[in-house]
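Reading through the structure tokens given below for one structure.
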Amino acid sequence: MSRWNDLTGGRSGEDYAARFAALARSGKDVHGEARFCAALVPPGARVLDAGCGTGRVMIRLAELGYDCVGVDLDASMLAVARREAPELPWYQADLAEFDPRALGVAADFDLVVVAGNVFQLVAEGTVAAALERLTAALRPGGLLVSGFGLDADHLPVPPSLTLRQYDDHCGAAGLTLVDRFGTWDADPYDGGGYVVSVHHR
């Protein structure tokens with residue numbers, strides 16, 4: 001069981017989608033993650049949305065011309081994604097056990113994006129395994145981009161992962177830090193409670 005499942009009971013897909021739909025209707029920008037990714041790799045690049053949820057990020061990237069695959073553990077979130085974009089490939093899997101080849105998917109992604117506090121919400125003790133699996137899905141030179149909260153103000157659960165621990169896990173998986181930001185709008189990271197990191201294989 002993931003910390004996300006403990007929090008939501010695996011039934012949060014519709015509520016999660018409704019919250020972002022309301023934000024979009026109010027004029028809020030809900031595509032910061034996709035815009036950030038689009039600045040890193042050109043249209044046509046292969047993108048894995050790891051912890052894709054209801055598909056908000058991946059659907060936007062597909063609209064921009066990216067070749068996308070989404071994976072998530074929460075069936076209720078994937079149900080929304082499949083309804084919103086049935087033509088796109090969505091898979092249910094635990095990131096700590098993710099094997100794209102077993103799903104018939106080539107493990108040569110140009111970019112893996114892990115948004116939405118995923119690394120703070122996976123099952124305790126599985127971040128290292130998830131990073132190893134996601135790194136293995138990247139082509140040499142590919143990028144892994146993640147964004148997550150580091151404190152109670154930026155998370156729905158108490159933090160279980162420090163930035164130092166995350167960097168250590170990335171290094172062990174064969175990833176090297178390229179850049180770090182404080183938001184998906186690429187504001188500089190100043191040591192605050194939310195961080196966006198870019199690593200390359």
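Residues take their numbers from the sequence shown, with the count starting at 1. Below, each value reflects all heavy atoms present in this structure, side chains not excepted, and no hydrogens, waters or symmetry copies.
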For the backbone of G53 and the side chain of D72, can you confirm whether one donor and one acceptor N or O come within less than 3.5 Å of each other? yes

Looking at F181, is its backbone amide N or carbonyl O close enough to the side chain of Y194 to form a donor-acceptor pair, meaning the two atoms are under 3.5 Å apart? no

Ignoring hydrogens and geometry beyond distance, is a side-chain donor-acceptor pair present between Y166 and S146 at under 3.5 Å? yes

Is the ring pair F36/W184 parallel, tilted or perpendicular, if the boundaries are 30 and 60 degrees? perpendicular

Distance-only donor-acceptor check, side chains D74 and S76, under 3.5 Å: yes

Is it the case that T162 and Q165 place a side-chain donor and acceptor less than 3.5 Å from each other? yes

Flag side-chain contact, heavy atom, 4.5 Å: L163 against L150: yes

Salt bridge present between R133 and D94 (N-O < 4.0 angstrom): no

Without swapping roles, check the side chain of D151 against the backbone of H154 for a donor-acceptor pair under 3.5 Å. yes

Heavy-atom side-chain proximity of L175 to H169 below 4.5 angstrom: no

Output the distance between atom SG (C68) and atom CD1 (I59), rounded to the nearest 0.5 Å. 10.0 Å

Can we say D67 and R46 salt-bridge, meaning some charged N sits less than 4.0 Å from an Asp/Glu carboxylate O? yes

Answer yes or no: is there an ion pair linking E33 with R56, defined by an N-O contact shorter than 4.0 Å? yes

Between N117 and Q120 (side chain of the first, backbone of the second, donor and acceptor by atom type, cut-off under 3.5 Å), is there such a pair? no

Can you confirm whether V47 sits close enough to F109 that some side-chain heavy atom of one is under 4.5 Å from a side-chain heavy atom of the other? no

In terms of side-chain heavy atoms, does R201 have a donor or acceptor partner in T135 at a distance below 3.5 Å? no

